[in-house]
Number of protein chains: 2
Amino acid sequence: MTTIPFEQPFFTVDNVLFSIKNDTLHVLLVQRAAPPFDGNWSLPGGFIDINEDKNVQDAAMRKLQHKAGLTPSYLEQLEVFSGKDRDPRGYSVSLAFFALVPFAEVASNIVTVSQAKWWLMSDLANLTLAFDHKHIIARAHQRLMQKALYSMLPVFCLPETFTVGQLKNVIEAILGKEIQRKSLMRRIEASDMFIQTEHKIASGGRQAQLYQLKPGVDITHFNRNMGA
Amino acid sequence: MTTIPFEQPFFTVDNVLFSIKNDTLHVLLVQRAAPPFDGNWSLPGGFIDINEDKNVQDAAMRKLQHKAGLTPSYLEQLEVFSGKDRDPRGYSVSLAFFALVPFAEVASNIVTVSQAKWWLMSDLANLTLAFDHKHIIARAHQRLMQKALYSMLPVFCLPETFTVGQLKNVIEAILGKEIQRKSLMRRIEASDMFIQTEHKIASGGRQAQLYQLKPGVDITHFNRNMGA
DNA sequence: ATAATAGTGTCTATAAGACAGTATCGC
DNA sequence: GCGATACTGTCTTATAGACACTATTAT
């Protein structure tokens with residue numbers, strides 16, 4: 001093992017975990033218990049453990065499990081944020097992840113950390129976050145919106161079985177605007193990602209068909225954007 | 001300045017710089033002059049210098065200038081590659097960048113490094129590269145192909161002024177298949193990214209209109225894929 | 001005039017948007 | 001029955017593909 005030249009920046013991972021509660025987009029934050037920014041809300045993340053984590057996604061996963069007891073159903077790299085001034089401890093390089101999960105309350109019996117909480121996206125405007133985390137969330141939201149236009153990614157915010165109406169609500173919560181139910185149905189059909197099951201009642205009216213992901217399929221990417 | 005817990009992975013940047021020469025896609029490689037993998041061809045990259053580089057893109061830029069005397073006209077983050085086994089020196093985290101430049105021969109009067117060379121993409125199959133760099137190039141190529149379908153990104157492989165025919169050739173070299181000239185013209189028109197200049201002869205026939213990027217425009221993203 | 005490349009006209013094909021109309025449920 | 005939600009039919013719209021046609025240059 002050779003020695004590494006120069007002084008190295010320190011490397012962390014951060015997670016922007018989204019989910020949908022009451023048909024609105026939420027993001028998971030944790031309250032910092034140590035300096036810097038102690039007391040402030042921040043993205044769940046931290047240092048990689050090179051003895052535990054096989055790679056950076058492993059580290060991101062571990063942080064989410066450790067800090068909120070949640071295992072995302074989708075996780076991808078978002079972007080690296082770096083610089084001398086973003087962390088008072090020194091030059092830092094943080095890889096942000098972008099993740100989705102079916103809504104579940106944060107496991108409160110986790111001893112680990114002070115507090116984890118789902119925040120309404122629209123409530124973040126008036127909240128001061130640690131580091132450049134507000135900016136990171138904005139970037140993640142952009143990416144989520146973009147992907148919702150041309151892929152079936154939003155299904156990862158839903159439980160194993162779901163209805164077309166539920167998926168429509170999720171997509172609309174992400175995009176902040178209505179989409180055509182008909183267009184969504186055509187995509188569900190065309191993607192060939194789902195199988196149908198029994199039935200279910202949603203509220204007042206006719207029962208809705210339940211769908212679930214075919215085992216082992218990849219998320220389909222369409223070659224046109226929808227609702228744009 | 002607080003101390004950082006745990007042992008940290010070491011962090012590097014790598015560049016996948018593409019360009020077009022003779023209507024074929026090329027990638028820039030450098031020959032390693034030190035272990036590990038000394039003698040092998042590899043992506044131009046290296047350690048970040050926290051006193052020189054404002055952030056990670058700065059570091060990537062500096063590496064390209066230093067190792068080949070080239071300044072990319074487009075640079076974006078690709079993906080982080082990480083793990084215990086990808087570098088014999090230990091647990092490594094490498095942020096790969098994806099970059100484009102109008103073709104120019106490598107500055108040979110650069111004292112710095114052994115050798116930098118443009119390689120034909122199709123010649124890489126039979127070449128052994130250092131680390132997981134072949135895999136990184138494959139990922140970068142996927143991304144480039146994808147973006148060529150819905151954006152004007154390929155113009156960054158061309159000089160300041162260029163013809164529609166040249167842009168068509170670049171896109172075809174990237175995609176490995178023909179596209180409709182008419183479709184491209186429609187996009188040039190619709191994007192409103194370019195202005196026209198005088199004229200020029202390409203080879204045998206009629207003179208072609210020269211275009212150039214309007215100052216300060218962003219690259220347009222269309223909401224359909226082309227040629228797919 | 002011919003060959004070669006540049007550029008246009010226009011018809012077809014594909015998938016999304018709009019929205020009326022039908023189906024099935026609880027009450 | 002009524003209200004509500006689920007689903008279908010189908011017409012319109014937007015943009016890419018195909019490809020014949022015209023334009024302009026060098027020789």
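Here is how names work: the chains are called A, B, and so on, in the same order as the sequence lines, proteins then strands, and each is numbered from 1.
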Quick one, B/Lys21 with B/Glu105, criterion side chain to side chain contact (heavy atoms under 4.5 Å, CB included). Give me CA distance, side-chain angles, the key distance, then yes/no. CA-CA 10 Å; B/Lys21 178 187 186 179; B/Glu105 288 301 338; 3.3 Å; yes
Quick one: B/Tyr211 OH to C/dA6 P, roughly how many Å, whole number? 12 Å
Let me have the donor-acceptor pairs involving side chains of residues 155-172 of chain B, under 3.5 Å, with sequence neighbours excluded, atom names and distances please.
{"residue": "B/Thr163", "atom": "OG1", "partner": "B/Gly165", "partner atom": "N", "Å": "3.4"}
{"residue": "B/Thr163", "atom": "OG1", "partner": "B/Gln166", "partner atom": "N", "Å": "3.1"}
{"residue": "B/Gln166", "atom": "OE1", "partner": "B/Thr163", "partner atom": "N", "Å": "3.0"}
{"residue": "B/Lys168", "atom": "NZ", "partner": "B/Glu172", "partner atom": "OE2", "Å": "3.0"}
{"residue": "B/Asn169", "atom": "ND2", "partner": "B/Gly165", "partner atom": "O", "Å": "3.4"}
{"residue": "B/Glu172", "atom": "OE2", "partner": "B/Ile179", "partner atom": "N", "Å": "3.0"}

For residues 220-228 of chain B, tabulate all N or O donor-acceptor pairs below 3.5 Å that involve a side-chain atom, not counting sequence neighbours.
{"residue": "B/Asn223", "atom": "ND2", "partner": "A/Ala228", "partner atom": "O", "Å": "3.0"}

How many whole angstroms separate atom CZ of B/Phe222 from atom C1' of C/dA15? 18 Å
What pairs of nitrogen or oxygen atoms, one from the protein and one from nucleotides 8-11 of chain C, lie under 3.5 Å apart?
{"residue": "C/dG9", "atom": "N7", "partner": "B/Lys182", "partner atom": "NZ", "Å": "2.7"}

When you measure from every atom of DNA chain C, which of residues 154-177 of chain A have a heavy atom less than 4.0 Å away? none
Encode nucleotides 20-27 of chain D as B, S and - characters from 5' to 3', where the letter depends on protein heavy atoms closer than 4.0 Å: B to the base, S only to sugar-phosphate, - to neither. ---BBBS-
Going by heavy atoms in the side chains, are A/Phe98 and A/Tyr74 under 4.5 Å from each other? yes
Extract from the structure each pairing of a protein N or O with an N or O of nucleotides 12-15 of chain D at less than 3.5 Å, listing the distance.
{"residue": "D/dA14", "atom": "N3", "partner": "B/Arg224", "partner atom": "NH2", "Å": "2.9"}
{"residue": "D/dT15", "atom": "O4'", "partner": "B/Arg224", "partner atom": "NE", "Å": "3.4"}
{"residue": "D/dT15", "atom": "O4'", "partner": "B/Arg224", "partner atom": "NH1", "Å": "3.1"}
{"residue": "D/dT15", "atom": "O4'", "partner": "B/Arg224", "partner atom": "NH2", "Å": "2.9"}
{"residue": "D/dT15", "atom": "O2", "partner": "B/Arg224", "partner atom": "NH1", "Å": "2.8"}

Would you say NZ of B/Lys54 has more than 12 non-hydrogen atoms from neighbouring residues, nucleotides or ligands within 6.0 angstrom? no
Of all heavy-atom pairs linking B/Leu78 and B/Ile136, the shortest is CD2-O, 4.0 Å
Look at the side chain of B/Ser19 and the backbone N and O of B/Phe103, then say whether any donor-acceptor pair between them is shorter than 3.5 Å. yes
Less than 4.5 Å apart, side chain to side chain, heavy atoms only: is that true for A/Met185 and A/Glu189? no
Minimal non-hydrogen separation, B/Asp53 against B/Arg62, with atom names: OD1-NE, 2.7 Å
